[in-house]
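Following: one structure in structure tokens, then a few remarks.
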Amino acid sequence: MTNSDIAAVFEQLADILEYKGDNAFRIRAYRGAARTISGLVESLVSIRNDPQRSLRNLDGIGADLASKIETLLDTGRLPLLDELTAEVPAVVWEMLRVPGLGPRKVKLLVETLAIDSLDALELACQEGRVAALKGFGEKTQQSILDNLPFARNPIHSRLLWLEADGILQELLVWIRSCPEARRVEGAGSWRRGCETVGDLDVVVESQRPAAVMEHLVAWQGTAAVLLQGDTKTSVRGPRNVQIDLRVVAEESFGAALQYFTGSQEHNVRLRTRARELGLSINEYGVYRLEPAAEAVPRSARGASLGGQTEEEVYRAVGLPWIPPELREGRDELVLAGQGLIPPLVKLDDIRGDLHMHTSATDGENTLVEMVRAALERGLKYIAITDHSQRVSMARGLDASRLLRQWEDIDTLNQSLCADGPAGIVVLKGIEVDMLEKGGLDLPDEVLRQADWVVASLHYGQQQPRDRITARILEAIANPWVRVIGHPTGRLINRRPPYDVDIEAVIAAAAGNGTCLEINANPSRLDLNEHHAAAAGKAGVRMVISTDAHDTSGLDLLRCGVLQARRAGLSAANIANTLPLAELLACKRG
DNA sequence: GCCGTTTTCGGCCCGACTGTTTTCAGTCG
């Protein structure tokens with residue numbers, strides 16, 4: 001079993017235990033273990049087999065879960081899961097996708113009304129049998145009917161970060177146009193730069209919350225109002241995304257922004273740290289913990305020790321401000337406490353883009369158009385890396401077409417030089433395919449004439465782990481290959497990564513001085529943050545590239561930079577922050 | 001089920017909103 005299989009088992013156990021009404025902290029323990037495991041780069045097998053290490057040293061994994069992991073590794077099954085799965089009818093998982101229905105209510109519906117399908121649930125609502133249940137009522141019954149379509153619609157995946165960003169930017173412009181709104185910021189997983197975003201969070205400072213919330217309701221993108229209170233309003237926006245707006249006073253803005261940025265796990269850890277210091281953090285500020293704090297209403301508590309800015313909140317617990325991209329509840333609080341949060345790479349640090357296509361293959365713009373667009377964006381160098389011949393669908397280049405393109409690039413560079421020193425250098429590159437049977441799609445004799453070679457795997461993605469890994473290791477060892485393109489091949493929400501031993505890839509890249517790509521395309525973001533972090537620790541340089549197929553694709557660099565920041569990487573970890581001469585001196589020598 | 005420079009037992013972050021409730025449970029983030 002792979003790490004993700006085992007993480008899935010623990011998630012499933014947590015879901016089942018939640019439905020059964022088990023201890024909430026036990027459930028949290030299973031979810032915490034699943035999170036830890038899905039963030040691992042090394043396989044659980046290798047950790048278990050390493051005499052220097054122990055599964056029990058993993059965050060949130062104790063004696064019991066370690067033994068369950070061993071059982072899963074040995075047998076591929078877990079008796080507890082088989083046992084519990086049999087106790088929960090399948091309809092439960094469908095019903096839990098109805099917004100507003102949680103495990104408690106679903107359990108009551110299943111057990112008292114014998115609901116066994118969404119159709120049966122709909123009928124029970126129409127016949128008024130749901131409203132008659134204890135704890136339910138007319139409004140709950142109607143809300144179930146209204147929300148049933150969301151449970152039935154299988155297209156329920158989270159938005160890509162860039163899609164969420166498009167909606168949020170429009171929304172922020174609208175909210176900022178409200179005269180009653182002062183500071184306005186996006187929060188949540190969008191602000192943390194997550195690969196995908198489930199819903200949009202906006203925090204606003206205002207003296208008149210009601211006016212701001214009415215302004216949101218009046219937005220042209222608002223499709224329905226889900227709930228509206230004194231300080232919080234939720235609406236359904238474009239593409240059915242839920243938008244949560246929270247309005248607070250000036251002295252609480254930082255605390256609210258911190259709270260709504262999350263992640264949940266980061267906040268749990270931050271608040272736990274606060275409690276150890278005799279403090280309590282909520283979305284209004286930081287307070288001293290009184291002996292009977294629970295009984296004291298917020299307004300009657302002592303003065304806030306901070307909350308106007310995020311910096312104040314972190315400072316109150318003895319920490320420097322932590323960049324949102326690192327707030328995932330991993331080791332960021334410990335690092336921050338030791339002053340070891342690295343300066344994260346910024347978009348401005350990136351000097352060049354080293355993976356893009358032109359109309360010579362499957363790009364939409366010509367060489368000259370791509371170069372002009374890169375120049376407009378202030379890039380100092382770019383590599384033109386069209387597909388090689390194996391990618392016939394894209395009219396991949398054979399050696400002779402490639403050499404002709406490189407002649408064009410030579411000519412272009414000469415004319416760019418004549419324009420003066422503020423120009424751009426165009427590198428002669430290729431995205432060469434790693435062939436199914438091994439080897440590369442162009443001979444070394446051609447590759448050695450290139451300035452920049454990206455090697456990528458597009459075919460034979462179903463091959464077994466050792467075959468895929470061997471193909472990539474061979475490319476890494478090739479003296480002319482500078483970087484491995486989208487090293488795992490995944491497409492977010494569409495296609496899983498191919499089965500590759502990423503630990504071996506990282507080790508080989510480190511040994512050969514070959515870079516690994518952080519492909520900035522919002523559907524790829526490949527390497528992912530965990531792999532990129534591990535590569536950075538291993539001393540591998542990464543290249544953040546757009547893989548642009550048209551001029552607007554060059555704007556995607558910022559998505560790759562966000563991914564690198566989430567991996568905790570600095571400019572020093574990223575090869576294309578270097579001046580060109582140093583970049584080209586990187587591999588050989 | 002995990003965890004421990006006060007602890008191997010007794011804790012485990014915190015609050016808004018809704019609906020169905022005479023004081024709170026469930027859901028959500």
Side-chain angles (χ1 to χ4, degrees), chain A residues 10 13-14 17-19 21-36 55-69 80 96-109 130-144 147 187-189 192 197-203 209 213 225-234 242-248 252 255-256 258-276 278-287 289 293-294 297-298 301 313 317 329 333:
Chain A
F10 288 164
L13 269 174
L17 292 171
E18 194 161 45
Y19 174 75
D22 206 282
N23 180 304
F25 299 108
R26 186 184 178 206
I27 294 163
R28 205 173 96 185
Y30 278 108
R31 293 207 195 282
R35 264 174 42 85
T36 295
L55 293 171
R56 291 202 53 179
N57 287 339
L58 296 173
D59 197 20
I61 298 197
D64 182 84
L65 290 179
S67 110
K68 285 191 169 72
I69 290 171
L80 176 66
L96 283 171
R97 290 177 41 198
V98 179
L101 282 188
R104 292 284 149 80
K105 286 191 165 141
V106 168
K107 192 158 195 273
L108 196 69
L109 286 168
V130 169
L133 289 177
K134 181 173 169 58
F136 288 73
E138 287 293 340
K139 287 201 170 179
T140 306
Q141 181 170 271
Q142 189 57 45
S143 144
I144 292 173
N147 283 314
S189 49
R192 302 200 310 280
V197 174
D199 51 34
L200 301 179
D201 298 288
V202 179
V203 181
M213 293 190 293
V225 179
L226 300 173
L227 59 85
Q228 196 163 9
D230 295 336
T231 66
K232 175 182 171 179
T233 293
S234 297
Q242 180 170 333
I243 297 166
D244 295 325
L245 172 73
R246 192 63 182 269
V247 190
V248 296
S252 295
Q258 192 286 319
Y259 170 62
F260 286 103
T261 296
S263 65
Q264 194 147 309
E265 187 58 27
H266 175 84
N267 285 351
V268 167
R269 293 185 183 212
L270 189 71
R271 291 169 178 208
T272 301
R273 181 184 173 97
R275 287 193 81 84
E276 288 163 0
L279 302 171
S280 171
I281 298 177
N282 58 30
E283 57 260 58
Y284 297 101
V286 183
Y287 302 88
L289 208 52
E294 306 80 24
R298 182 169 53 81
R301 279 186 207 168
V313 175
V317 292
L333 293 189

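Fair warning: this is a prediction, and the values are worked out from it, not measured in the lab. Each chain gets a letter, A, B and so on, in the order its sequence line appears, and its residues count up from 1.
- Taking atom CD of A:Glu138 as the reference point, atom C1' of B:dG19 lies 12 Å away to the nearest angstrom.
- Comparing the C1' positions of B:dT21 and B:dG26 gives a spacing of 12 Å, expressed to the nearest Å.
- A:Glu276 has its CD atom 11 Å from the P atom of B:dC13, to the nearest Å.
- Taking the C1' atoms as reference points, B:dT8 lies 12 Å from B:dC2, given to the whole Å.
- Between the side chains of A:Thr231 and A:Arg246, a donor-acceptor pair is found at a separation under 3.5 Å.
- Residue A:Lys139 places at least one side-chain N or O under 4.0 Å from the OP1 or OP2 atom of B:dG19.
- With C1' as the reference atom, B:dT7 and B:dC14 are 24 Å apart, rounded to whole Å.
- Nucleic acid contact for A:Phe136: sugar-phosphate only, since backbone atoms but no base atoms lie under 4.0 Å from a heavy atom of the residue.
- B:dT22 shows a glycosidic angle more than 90° from 0 and is accordingly assigned anti.
- Within 4.0 Å of A:Ala33, counting heavy atoms only, lies no atom of the nucleic acid at all.
- Within the 4.0 angstrom heavy-atom criterion, only backbone atoms of the sugar-phosphate kind lie near A:Ile281; the bases stay farther away.
- Comparing B:dT18 with B:dT23, their C1' atoms are spaced 15 Å from each other, to the whole Å.
- Using a 4.0 Å heavy-atom distance criterion, A:Arg246 is classed as a sugar-phosphate-only contact.
- With contacts defined as side-chain heavy-atom distances shorter than 4.5 Å, the pair A:Gln258/A:Leu270 qualifies.
- What separates CD of A:Gln141 from P of B:dG26 is a distance of 19 Å, to the nearest Å.
- Under a 3.5 Å cut-off, the side chain of A:Ser143 and the backbone N or O of A:Lys139 do not form any donor-acceptor pair.
- A gap of 13 Å separates the P atoms of B:dT20 and B:dT27, to the nearest Å.
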*Start with the C-alpha gap between A:Val317 and A:Glu276, add the side-chain angles, then the distance that decides, and say whether side-chain contact (heavy atoms from CB on, under 4.5 Å) holds.*
CA-CA 9 Å; A:Val317 292; A:Glu276 288 163 0; over 6 Å; no
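- A:Asn267 comes within 4.0 angstrom of no nucleic acid atom, judged by non-hydrogen atoms across all strands.
- Residue contacts for A:Ser143: at a heavy-atom cut-off of 4.0 Å it reaches no nucleic acid atom on any strand shown.
- Separation of the C1' atoms belonging to B:dC13 and B:dC28 is 15 Å when rounded to the nearest angstrom.
- Note on A:Lys68: only backbone sugar-phosphate atoms sit closer than 4.0 angstrom, heavy atoms only; bases stay farther off.
- Comparing A:Gln228 and A:Arg271 along DNA chain B, the residue whose closest nucleotide (by nearest heavy atom) sits nearer the 5' end is A:Arg271.
- Nucleotide B:dC3 forms a Watson-Crick or G-U wobble pair with B:dG10, both donor-acceptor distances falling under 3.5 Å.
- Base contact: A:Asn23 has a heavy atom under 4.0 Å from a base atom.
- Between A:Thr272 and A:Ile61, the one whose closest nucleotide on DNA chain B sits nearer the 5' end is A:Ile61.
- A:Arg31 has a carboxylate O that lies under 4.0 Å from a charged side-chain N of A:Glu18, or vice versa, which qualifies the two as a salt bridge.
- In this structure, OG1 on A:Thr233 lies 7.0 Å from CG on A:Leu227, to the nearest 0.5 angstrom.
- Atom CG of A:Leu109 is separated from atom P of B:dG26 by 13 Å (rounded to the nearest Å).
- Taking atom CZ of residue A:Phe25 and atom C1' of nucleotide B:dG11, one finds them 8 Å apart after rounding to whole Å.
- One can place CZ of A:Arg104 at 13 Å from P of B:dC28, the figure rounded to the nearest angstrom.
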